[in-house]
Amino acid sequence: MDNKKLAELLFPNVDKTPEYYETLYPPRNLPEGARVTRLGPSPTGFIHLGNLFGAITDERMAHQSGGVFFLRIEDTDNKREVEGAVDVVIDTLSYFGVEFDEGAGKDGETGAYGPYWQRQRADIYHCFAKKLVEDGWAYPCFCTEEDLSDMRQRQEAEKANPGYYGKWAVHRNWSLEQIEAALAQGKPYVLRFRAPEPEGKYFKIKDAIRGELSMPVNDMDFVLLKSDGIPTYHFAHVVDDHLMRTTHVVRGEEWLGTLPFHIALFAAFGWKAPVYCHTAQLMKIDNGIKRKLSKRKDPELSLDYYKSEGYLPGAVWEYLMTVLNSNFEDWRLAHAAAPIDEFKFSPNKMSVSGSLFDIDKLNDVSKNYLATLDSETVYKYITDWAQNCDPEYYELLTRDRNFSVGMISIGRGDKKPRKDISHWKQSKEFYSFFFDELFKMEDPFPENVPEEDRKAILTKYVETYDHSDDQSQWFDKVRAIAEELGYAPQPKLYKKNPELYKGHVGDVSSVIRVAVTGRQNSPDLWCIQQVLGKERSLARVRSNI
RNA sequence: GGCCCGAUGGUCAAGCGGUUAAGACACCGCCCUUUCACGGCGGUAGCACGGGUUCGAUUCCCGUUCGGGUCACCA
């Protein structure tokens with residue numbers, strides 16, 4: 001077989017040589033140890049937590065080593081493409097704090113290793129495909145879909161492994177004449193890899209996350225170019241990551257099975273393969289079954305969900321880091337206020353088995369994170385969120401800025417800050433009683449206080465209320481009311497001699513609390529009233545007399 | 001089914017031949033306290049199973065079981 005001639009026949013239009021591209025995309029001039037990583041999403045318009053998980057890994061590896069992190073759009077499957085999806089990827093990741101140094105962008109692209117849209121790299125792929133044909137590593141296959149499904153059925157009957165390989169690879173040894181004839185008839189074909197006779201059954205490879213792996217040597221004649229001339233992921237990955245000088249390939253463990261393809265291809269080209277980092281999947285419990293996060297089934301795990309619920313990117317990042325690097329939580333405990341950049345991220349600290357996504361944990365991490373923010377910052381975030389996601393809330397929050405900031409300040413900034421809020425959507429619920437439009441009586445008055453006592457408490461409260469009282473003066477008056485009506489001024493007294501009292505000052509303040517906030521539980525009542533103002537506080541009390 | 005990867009409490013996880021088997025979330029109890037939240041203290045709960053190797057296995061090896069992934073002209 002004259003491979004040279006076949007290559008010419010198959011790729012008459014290729015006018016560049018591999019050497020041309022090698023010089024066009026020279027090795028990157030980066031400091032020793034710098035890592036070049038990339039994110040290669042297919043533009044389906046859906047991006048979920050798992051994608052962020054991988055993106056953060058890429059981003060950290062590149063930026064903590066002084067390297068480059070770029071975005072390449074893997075649009076080789078036009079069936080799945082969704083309009084505007086690239087912008088969504090960029091915007092969403094940017095919202096969550098992941099920025100690219102190079103590659104595809106919203107207005108074109110930046111960087112010297114492009115194009116960064118695979119569809120625009122057809123010439124490059126064809127050049128290298130031609131090279132493979134010349135060297136005897138690839139051949140055209142004219143099998144139709146029916147041919148292949150027939151083959152699968154026969155394989156099933158014979159209990160042979162499925163796939164196009166060995167004796168099943170019917171076009172593997174076609175003569176030039178046969179190929180020419182088929183081509184002349186205009187038969188569509190794919191270009192397949194000619195898998196070499198495996199020398200050993202297994203090979204070993206070191207994965208930066210998983211350590212040493214043992215994989216079977218590839219014997220599949222997998223597809224390099226589809227019949228429309230567009231490369232498969234496998235071929236594009238190898239050509240692109242070589243030419244773009246990627247040093248570390250971070251991808252999900254679902255790629256582990258096809259790793260032998262990639263290794264075989266790198267070997268065929270005589271190129272050095274990048275370091276692979278196969279991440280574990282984020283899982284979810286579904287009807288008691290642990291399974292990988294699915295694009296279709298788990299819309300609530302899309303990143304938009306967290307955006308619309310009002311989780312702060314920093315908090316999501318923080319949570320993901322706890323899952324990503326097993327030593328992160330210890331580090332965070334020791335460096336509570338340190339910026340997250342200072343944490344040394346290392347791929348070998350990554351978990352190898354899939355972790356269950358834990359919303360409770362996210363909420364906890366998020367509460368702690370939000371508690372460290374000052375009131376002005378919270379005000380800004382919360383209004384930004386509401387502006388996009390809850391116009392009514394936005395209106396209320398911005399109506400009186402000082403009021404809102406005052407409300408947010410309650411219990412904030414102390415050495416033991418309150419941790420009531422995990423995400424902004426939830427804050428609306430939490431703060432609702434501050435706004436007359438949202439205020440409602442959510443809890444009943446305490447059951448152990450009879451109605452007449454309740455009215456008496458509230459009446460006396462209104463009579464003695466002085467808005468300028470400080471916190472202790474104010475509470476002394478509440479105590480006095482309690483005592484006057486037969487309630488213990490201190491809970492301890494009541495506990496000692498419960499028969500002497502109707503209840504204790506806690507019950508009395510509960511009555512006031514319910515009247516003012518509509519709830520039995522709330523932050524400090526005096527602080528709330530200071531924010532609400534005298535008139536609104538007392539009006540709520542009066543309406544319960 | 002073949003192949004690959006994995007298995008420490010409900011969840012996330014330290015551990016890398018000898019430990020009372022860390023820690024975090026959740027849960028429960030107590031303390032603090034006018035409620036809640038915060039904070040403090042304590043508690044329930046775990047090395048999937050069976051064989052080896054070893055003086056000694058959570059740790060190493062082999063099976064089994066279970067879970068996940070993958071077997072496309074999708075990525």
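Below, chains carry the letters A, B, ... as their sequence lines are ordered, and counting in each starts from 1.
Geometric assessment of A:R540 against the ring of A:F439 yields a positive cation-pi assignment under the 6.0 Å and 45° thresholds. The side-chain tip of A:R454 points at the ring of A:F445 from less than 6.0 angstrom away and within 45° of straight on.
Between B:rC3, B:rC73, B:rA75, one nucleotide has an atom nearer to the side chain of A:P216 than all others, and that is B:rC3. Taking every side-chain heavy atom of A:Y202 into account, B:rC3 is the closest of B:rC3, B:rG68, B:rU33. In the set B:rC5, B:rA75, B:rU34, the nucleotide with an atom closest to the side chain of A:D77 is B:rA75. When the nucleotides B:rC73, B:rU34, B:rU35 are ranked by their closest atom to the side chain of A:S522, B:rU35 comes out on top.
In this structure, A:K226 reaches the B:rA75 phosphate: one of its side-chain N or O atoms is under 4.0 Å from OP1 or OP2. Distances shorter than 4.0 Å separate some side-chain N or O of A:K419 from OP1 or OP2 on B:rG39. An OP1 or OP2 oxygen of B:rA13 is reached within less than 4.0 angstrom by no side-chain nitrogen or oxygen of A:T322.
Side chains of A:Y125 and A:D240: a donor-acceptor N/O pair is present below 3.5 angstrom, by distance only. In the model, A:N161 has no side-chain atom that pairs as donor or acceptor with a side-chain atom of A:Q155 under 3.5 Å. When only modelled atom types and interatomic distance are considered, A:D420 and A:Q426 share no side-chain donor-acceptor pair under 3.5 Å.
Within the 3.5 Å criterion, the main-chain N or O of A:R479 finds no donor-acceptor partner in the side chain of A:E483.
Among the heavy atoms of the strands, none lies under 4.0 Å from A:G257. A:P188 comes within 4.0 angstrom of no nucleic acid atom, judged by non-hydrogen atoms across all strands. Heavy atoms of A:Y165 sit nowhere under 4.0 angstrom from any nucleic acid atom. The residue A:V223 sits close only to the backbone: its heavy atoms come under 4.0 Å of sugar-phosphate atoms, none of a base. Among the protein residues, A:E74 comes within range of the sugar-phosphate backbone only, with heavy atoms under 4.0 Å from sugar or phosphate atoms but none that close to a base.
For A:R519 against B:rU35, a side-chain-to-base donor-acceptor contact under 3.5 Å is absent.
Side-chain atoms of A:T279 and A:M350, non-hydrogen and from C-beta on, do get closer than 4.5 Å to each other.
Judged by Watson-Crick or G-U wobble contacts below 3.5 Å, the nucleotide B:rG63 has B:rC49 as its partner. If you check B:rC41 for Watson-Crick or wobble pairing at under 3.5 angstrom, you find it paired to B:rG29. With both pairing distances under 3.5 Å, B:rG1 is matched to B:rC71 as a Watson-Crick or G-U wobble pair. For B:rC36, there is no paired base (Watson-Crick or G-U wobble, both distances below 3.5 Å). Under the Watson-Crick or G-U wobble criterion, with both distances below 3.5 Å, B:rC12 is paired with B:rG23.
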Check nucleotides 24-30 of chain B for protein N or O atoms closer than 3.5 Å to its own N or O atoms and list the pairs.
from, atom 1, to, atom 2, distance (Å)
B:rA24, O2', A:E329, OE1, 2.9
B:rA24, O2', A:K361, NZ, 2.6
B:rA24, N3, A:K361, NZ, 3.4

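By the criterion of a centre-to-centre distance under 5.5 Å and near-parallel planes under 30°, the ring of A:F475 forms a stack with the base of B:rU34.
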